[in-house]
2 protein chains.
Amino acid sequence: MSKPLCIAVDWGSSNLRVYLIDQDGIVLAEQLSEQGMLALSQADFEPVLSTLIQPWLHHQVPVLMAGMVGSRSGWQEVPYLDCPLGLEALATQLFKLDTRLPVAAYIVPGVKGIGAAGQVDVMRGEETQLLGLWTSKPENDGAIAFCLPGTHCKWGQLDEGRLESFSTMMTGELFALLCQHSSLAKGQTESLSQFDQEWFDAGVSLVQEQGGLMHQLFTARSRTVTGELPSSGLASYLSGILIGADVLANLELCRNRHLYLIGSDTVSARYQRVLSRFAVDVSQVTAKQASVQGFVALAKAAQTKGIPL
Amino acid sequence: MSKPLCIAVDWGSSNLRVYLIDQDGIVLAEQLSEQGMLALSQADFEPVLSTLIQPWLHHQVPVLMAGMVGSRSGWQEVPYLDCPLGLEALATQLFKLDTRLPVAAYIVPGVKGIGAAGQVDVMRGEETQLLGLWTSKPENDGAIAFCLPGTHCKWGQLDEGRLESFSTMMTGELFALLCQHSSLAKGQTESLSQFDQEWFDAGVSLVQEQGGLMHQLFTARSRTVTGELPSSGLASYLSGILIGADVLANLELCRNRHLYLIGSDTVSARYQRVLSRFAVDVSQVTAKQASVQGFVALAKAAQTKGIPL
């Protein structure tokens with residue numbers, strides 16, 4: 001076993017992922033838990049984490065945490081850093097937590113910027129993945145675009161390791177809301193496995209038409225009522241409309257920039273399908289891979305800068 | 001009491017409204033019930049209606065019904081008429097129901113057309129309101145635009161009593177979904193009475209910016225997280241974004257056409273506020289008024305054409 005570098009903690013609203021990683025970004029051990037922020041109260045955070053990482057504490061390596069753990073409803077609210085932001089600044093701005101753990105524990109700050117609509121936008125967790133992408137991607141081409149699909153999909157641009165801007169789209173959440181609660185598709189499981197390629201593509205085609213998103217979504221109901229759209233194609237059709245609208249709103253970002261897609265294989269494949277239709281050149285990175293590489297970069301940079309990890 | 005003309009039944013998914021009306025469109029008596037389509041099974045329709053209209057049956061006037069009562073999950077599925085459609089055709093296409101009522105009972109057919117996105121669109125109930133608007137509006141200007149705000153907002157154009165085209169937007173439903181279930185505003189009552197004018201206007205302004213609707217909606221979360229947007233303004237802000245997007249997508253319809261807004265006072269006032277910002281000239285009609293006038297026109301036209309009412 002190679003020498004561990006740090007314990008990395010990706011703590012979101014719904015999930016908690018802990019990794020023991022070495023300096024090459026190899027995951028030596030990992031544990032997943034459903035004890036996300038929303039399932040916990042203030043008093044739970046330290047004991048929950050302590051129990052999960054107990055077997056690794058004898059390595060005497062620091063704990064680095066990213067995600068909603070740093071939000072107001074998380075363990076400790078950590079102020080956002082301002083975008084535009086050189087991502088290397090994350091390492092010098094780690095927030096040291098006061099804990100009873102026998103190793104140092106830090107939270108990575110999130111980032112606040114101005115989104116496409118001219119209003120404030122925020123991220124927590126994605127900044128670490130972007131740092132990981134930047135430090136590990138093969139070619140050092142200057143300006144790139146990124147897309148992190150998910151519940152709250154983030155799009156933006158990085159220029160030589162500098163996060164220039166980003167915007168959040170509520171694509172994944174809207175899909176779940178429509179599948180679970182709407183008159184369009186109530187009771188449809190939001191299963192990503194039941195993929196009907198033809199109806200997904202029909203949804204993507206539709207967003208290039210007139211009428212706006214709220215009209216386009218309603219066609220799922222009218223086409224169902226008139227018997228055109230079978231219930232087996234309904235979720236894929238809605239997914240095509242939403243991912244199509246998401247991509248279309250961000251196409252301009254990808255002009256003259258290579259796009260990196262950071263997400264799960266299933267969702268990334270859907271984005272890739274839409275992006276190829278618009279002739280966008282894409283590289284895929286898994287979210288875990290980007291996240292782990294980000295923690296490696298943070299731990300190394302902090303060491304170099306003499307931060308007591 | 002003037003001589004009754006018909007018993008008008010507006011039977012939607014959530015509500016059932018019955019009116020006894022005379023030939024001038026005066027409502028002589030009315031009853032409201034929450035026994036909408038969704039609350040009833042097939043065996044319930046006739047007894048529920050029969051009980052409600054019992055006191056009026058001695059007038060020996062026909063029953064005319066419009067709305068979801070004619071849908072697949074309603075009392076009796078009545079085929080859609082095709083748009084473009086001369087609305088006077090509704091009177092000759094009334095569907096006669098087989099009932100044990102001592103008077104004749106008819107269902108008004110819905111209308112099927114091609115919406116703005118080039119796909120099938122449907123209405124049931126609104127066709128009767130549009131007929132009412134057409135036959136009772138003061139000036140007989142040729143081509144007009146209409147907007148019927150609500151759960152599923154309808155926009156379209158009428159030319160000399162001919163329904164040329166229409167499109168449905170899921171504006172009201174999306175607002176309710178976001179207020180009841182989303183991470184943006186979960187637990188917010190969707191109260192229309194708590195109107196924060198400034199935040200509503202801020203939402204309307206936002207949809208004229210970049211990023212697309214799914215990004216614009218997310219600003220409700222980022223602006224809340226950063227403390228800009230108070231929870232007292234949240235629902236109004238979302239309402240402004242959605243109604244703003246709805247109006248913006250349909251502005252072209254109102255070019256060179258007078259717009260009639262048919263809805264409840266509360267919702268119409270919000271649309272009116274947005275429309276005035278875009279300098280659209282609007283007349284308001286209440287949904288009940290349009291509906292009642294439509295039933296009057298149907299009953300009279302059917303009599304004239306010798307249909308045994």
Side-chain angles (χ1 to χ4, degrees), chain A residues 13 38 71-72 80 110 112-113 115-124 151-153 155 167-171 173-174 176-178 180-184 202 205-223 225-229 241-242 245-246 248-250 252, chain B residues 13 38 71-72 80 110 112-113 115-124 151-153 155 167-171 173-174 176-178 180-184 202 205-223 225-229 241-242 245-246 248-250 252:
Chain A
S13 301
L38 297 180
S71 71
R72 190 166 307 165
Y80 293 105
K112 184 176 80 200
Q119 298 302 326
V120 66
D121 208 324
V122 290
M123 62 166 63
R124 285 199 190 271
T151 304
H152 296 154
C153 178
W155 289 80
S167 296
T168 307
M169 322 281 293
M170 56 176 300
T171 320
E173 179 172 0
L174 196 51
L177 282 175
L178 293 176
Q180 288 165 13
H181 301 291
S182 78
S183 72
L184 308 184
S205 298
L206 195 71
V207 293
Q208 298 172 72
E209 301 295 333
Q210 301 298 304
L213 186 60
M214 287 192 291
H215 168 58
Q216 290 158 359
L217 288 171
F218 186 78
T219 64
R221 177 152 173 81
S222 49
R223 296 180 87 170
V225 165
T226 56
E228 261 183 54
L229 171 56
I241 293 175
L242 294 173
D246 187 347
L248 206 59
N250 291 285
E252 191 58 34
Chain B
S13 300
L38 297 178
S71 72
R72 191 166 306 165
Y80 293 104
K112 185 176 79 199
Q119 299 301 325
V120 67
D121 208 324
V122 290
M123 62 166 63
R124 284 199 190 273
T151 304
H152 295 154
C153 176
W155 289 80
S167 296
T168 307
M169 321 283 292
M170 57 176 299
T171 319
E173 178 172 359
L174 197 51
L177 282 175
L178 293 175
Q180 288 165 14
H181 301 291
S182 78
S183 71
L184 307 184
S205 297
L206 195 72
V207 293
Q208 298 172 72
E209 301 294 333
Q210 300 299 303
L213 186 60
M214 288 192 292
H215 167 59
Q216 290 158 359
L217 288 171
F218 185 78
T219 64
R221 177 152 173 79
S222 49
R223 296 179 88 170
V225 164
T226 57
E228 260 182 54
L229 171 56
I241 293 175
L242 294 174
D246 187 346
L248 206 59
N250 291 286
E252 191 58 34

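All values below were derived from every heavy atom in this structure, side-chain atoms included, with hydrogens, water molecules and symmetry-related copies excluded. Naming convention: chains lettered A, B, ... in sequence-line order (proteins, then strands); numbering from 1 in each chain.
Here the closest heavy-atom approach between residue Thr226(A) and residue Val120(B) is recorded as OG1-CG1, 3.6 Å. Nearest heavy-atom pair across Met214(A) and Ala245(B) is CE-CB, 4.0 Å.
In this structure, OG on Ser222(A) lies 12.0 Å from CE on Met123(B), to the nearest 0.5 angstrom. Here the straight-line distance linking atom CG of Leu217(A) with atom OG1 of Thr168(B) works out to 12.5 Å at 0.5 Å rounding. Here CG of Asp121(A) is found 5.5 Å from NE2 of His215(B). Values are rounded to the nearest 0.5 Å. One finds the CZ atom of Arg223(B) at 3.5 Å from the CD atom of Gln119(A) (value rounded to the nearest 0.5 Å).
At a 4.5 Å heavy-atom cutoff, the contact between Leu242(B) and chain A is made by backbone and side-chain atoms alike. Neither the backbone nor the side chain of Gln208(B) has a heavy atom closer than 4.5 Å to any heavy atom of chain A. When heavy atoms are compared at a cutoff of 4.5 Å, Asp246(B) approaches chain A by way of both its backbone and its side chain.
Counted within 6.0 Å of CD on Gln210(A), heavy atoms from surrounding residues, nucleotides or ligands total 12 or fewer; the atom is thus considered open.
Residues satisfying the side chain to side chain contact (heavy atoms under 4.5 Å, CB included) criterion with Val225(B), sequence neighbours excluded, are Tyr80(A), Arg221(B). For Glu252(B), the salt bridge (charged side-chain N to carboxylate O under 4.0 Å, His left out) partners are Arg255(B), not counting sequence neighbours.
Considering only heavy-atom pairs separated by less than 4.5 Å from chain B, the leading option among His152(A), Lys112(A), Arg72(A), Glu209(A) is His152(A). Annotation: maximal heavy-atom pairing with chain A below 4.5 Å, among Ala117(B), Gly211(B), Gly115(B), occurs at Ala117(B). Note on Ser13(B), Ser167(B), Cys153(B), Gly212(B): by heavy-atom pairs under 4.5 Å with chain A, the leading option is Ser167(B). Interface summary for chain B: among Thr171(A), Thr151(A), Leu174(A), Leu178(A), the most heavy-atom pairs under 4.5 angstrom belong to Thr171(A).
Between the side chain of Glu173(A) and the main chain of Ser183(B), a donor-acceptor pair closer than 3.5 Å is present.
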